[in-house]
> 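Just dropping this structure here.
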Protein chains: 2
Amino acid sequence: MSDDPSSYPVAPVQDVLHALADPVRLEMVRRLWETDGSVQCSGLYDGVSKSTASHHFKVLREAGISERSYVDGVVHHRLRRDELEAALPGVVDGIVGALAHQPVR
Amino acid sequence: MSDDPSSYPVAPVQDVLHALADPVRLEMVRRLWETDGSVQCSGLYDGVSKSTASHHFKVLREAGISERSYVDGVVHHRLRRDELEAALPGVVDGIVGALAHQPVR
DNA sequence: ACCTGGGTTCGATGATCATCAAACCTCGTG
DNA sequence: CACGAGGTTTGATGATCATCGAACCCAGGT
């Protein structure tokens, strides 16, 4: 019912960093990263409630990191790779890459 | 007085991101970035008190981002470029690069 | 010894934020 | 229409954290 857009321009670096500096959101981004295309909400988190997850999706969206779409009446998310790469070349790539080499938290 | 080390290993990605996701610290890193070598504390911030700055230095140090040294009885800081590049290739580079292209906050 | 300049630590305060449950919305299907 | 599955919004709560002043420490100089 809200009329907030399904995507925003990539926010200033600082806001993007803030969006990524949370374990739940970082994991969401990690899962989005390894999926080309879009994923259903429910597949992007565990360990937190639906409402908390929804909050995190909003933060990611408003930072211009992810984008929402409706597929078969169900909400999907995808990573805005190209826009991110244009605004912050190498950054998300490097972050997700480093995530792969370190113990899960 | 404290006996905390002058440098730490680069922390997990998430902690590094948290350390960078603050305007004061990000500016400190930006200034360190454009200086090869070490800088005196006082040259790395403005707009906050000494105690606040000291707090931010500690966060950066504990995340393994910067390193402390004593030159002429005065505290200096330098960016741990190589260690950061090894742990998070392209990340700090990309962040500071993006900072240059966006309005100051 | 006294001061001063440059940093740090402590304690307190206010702001931000992650989290949840409950109510709500919106489809699609029986 | 009623119901349920999947998300969102709201309001409240507790935790984290940025910020400051004040006290402190540690050199150098006078």
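Each chain gets a letter, A, B and so on, in the order its sequence line appears, and its residues count up from 1.
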> Given the rule in the salt bridge (Lys or Arg N to Asp or Glu O under 4.0 Å) test, do A:Asp4 and A:Arg61 qualify, once you have shown the distances and angles that lead to the verdict?
CA-CA 10 Å; A:Asp4 36 286; A:Arg61 226 181 316 120; 3.2 Å; yes
> Applying salt bridge (charged side-chain N to carboxylate O under 4.0 Å, His left out), can you list everything that pairs with A:Arg30, at least two apart in sequence or on another chain?
A:Glu27, A:Glu34
> I need the A:Arg68 CZ to A:Arg78 CZ distance, nearest 0.5 Å.
14.5 Å
> Does B:Tyr8 belong to the same Ile/Leu/Val/Met/Phe/Trp/Tyr cluster as B:Leu17, with side-chain heavy atoms less than 4.5 Å apart forming each link?
no
> With sequence neighbours excluded, tell me which residues meet side chain to side chain donor-acceptor pair (under 3.5 Å) with B:Thr52.
B:Ser49
> Whole-Å distance between D:dT8 P and A:Leu60 CG?
12 Å
> Mind calculating the distance between CG (A:Leu17) and C1' (C:dC17) to the nearest angstrom?
17 Å
> Between atom CG in A:Asp4 and atom C1' in D:dT10, what is the gap in whole Å?
15 Å
> Using a cut-off of under 3.5 Å, enumerate the N/O to N/O pairs linking the protein to nucleotides 18-22 of chain D.
{"unit_1": "D:dA18", "atom_1": "OP1", "unit_2": "B:Arg25", "atom_2": "NH2", "d": "3.1"}
{"unit_1": "D:dA18", "atom_1": "OP2", "unit_2": "B:His55", "atom_2": "NE2", "d": "3.0"}
{"unit_1": "D:dT19", "atom_1": "OP2", "unit_2": "B:His56", "atom_2": "NE2", "d": "2.5"}
{"unit_1": "D:dC20", "atom_1": "OP2", "unit_2": "B:Ser49", "atom_2": "N", "d": "2.9"}
{"unit_1": "D:dC20", "atom_1": "OP2", "unit_2": "B:Ser49", "atom_2": "OG", "d": "3.3"}
{"unit_1": "D:dC20", "atom_1": "OP2", "unit_2": "B:Thr52", "atom_2": "OG1", "d": "3.0"}
{"unit_1": "D:dG21", "atom_1": "N7", "unit_2": "B:Ser51", "atom_2": "OG", "d": "3.4"}
{"unit_1": "D:dG21", "atom_1": "O6", "unit_2": "B:Ser51", "atom_2": "OG", "d": "3.0"}

> Measure from CG on B:Asp72 to C1' on C:dG7 and round the result to the nearest Å.
16 Å
> Any pair with a residue in residues 36-49 of chain A that passes salt bridge (charged side-chain N to carboxylate O under 4.0 Å, His left out), sequence neighbours left out, goes on the list, sorted by first then second residue, please.
A:Arg31-A:Asp46, A:Asp36-A:Arg81
> Given atom OH of A:Tyr70 and atom P of C:dG28, what is their separation to the nearest angstrom?
13 Å
> Could you give the distance from NE2 (B:His56) to CG (B:Asp22), rounded to the nearest 0.5 Å?
4.5 Å
> If the cut-off is 4.0 Å, is B:Arg68 near the phosphate of C:dG7, judged by side-chain N/O to OP1 or OP2?
no
> In whole Å, I'd like the distance from the CG atom of A:Leu20 to the P atom of C:dA18.
12 Å
> I need the NE2-P distance between B:His77 and C:dG6, as an integer number of Å.
14 Å
> Parallel, tilted or perpendicular for B:Tyr45 and B:Phe57, by the 30°/60° rule?
perpendicular
> Strictly below 4.0 Å, heavy-atom distances to any atom of DNA chain D: list the hits from residues 27-35 of chain B, or just say none.
none
> Return the value, rounded to whole Å, for the distance between atom CZ of A:Phe57 and atom P of D:dT8.
8 Å
> With B:Ser38, which residues qualify under side chain to side chain donor-acceptor pair (under 3.5 Å), at least two apart?
B:His76
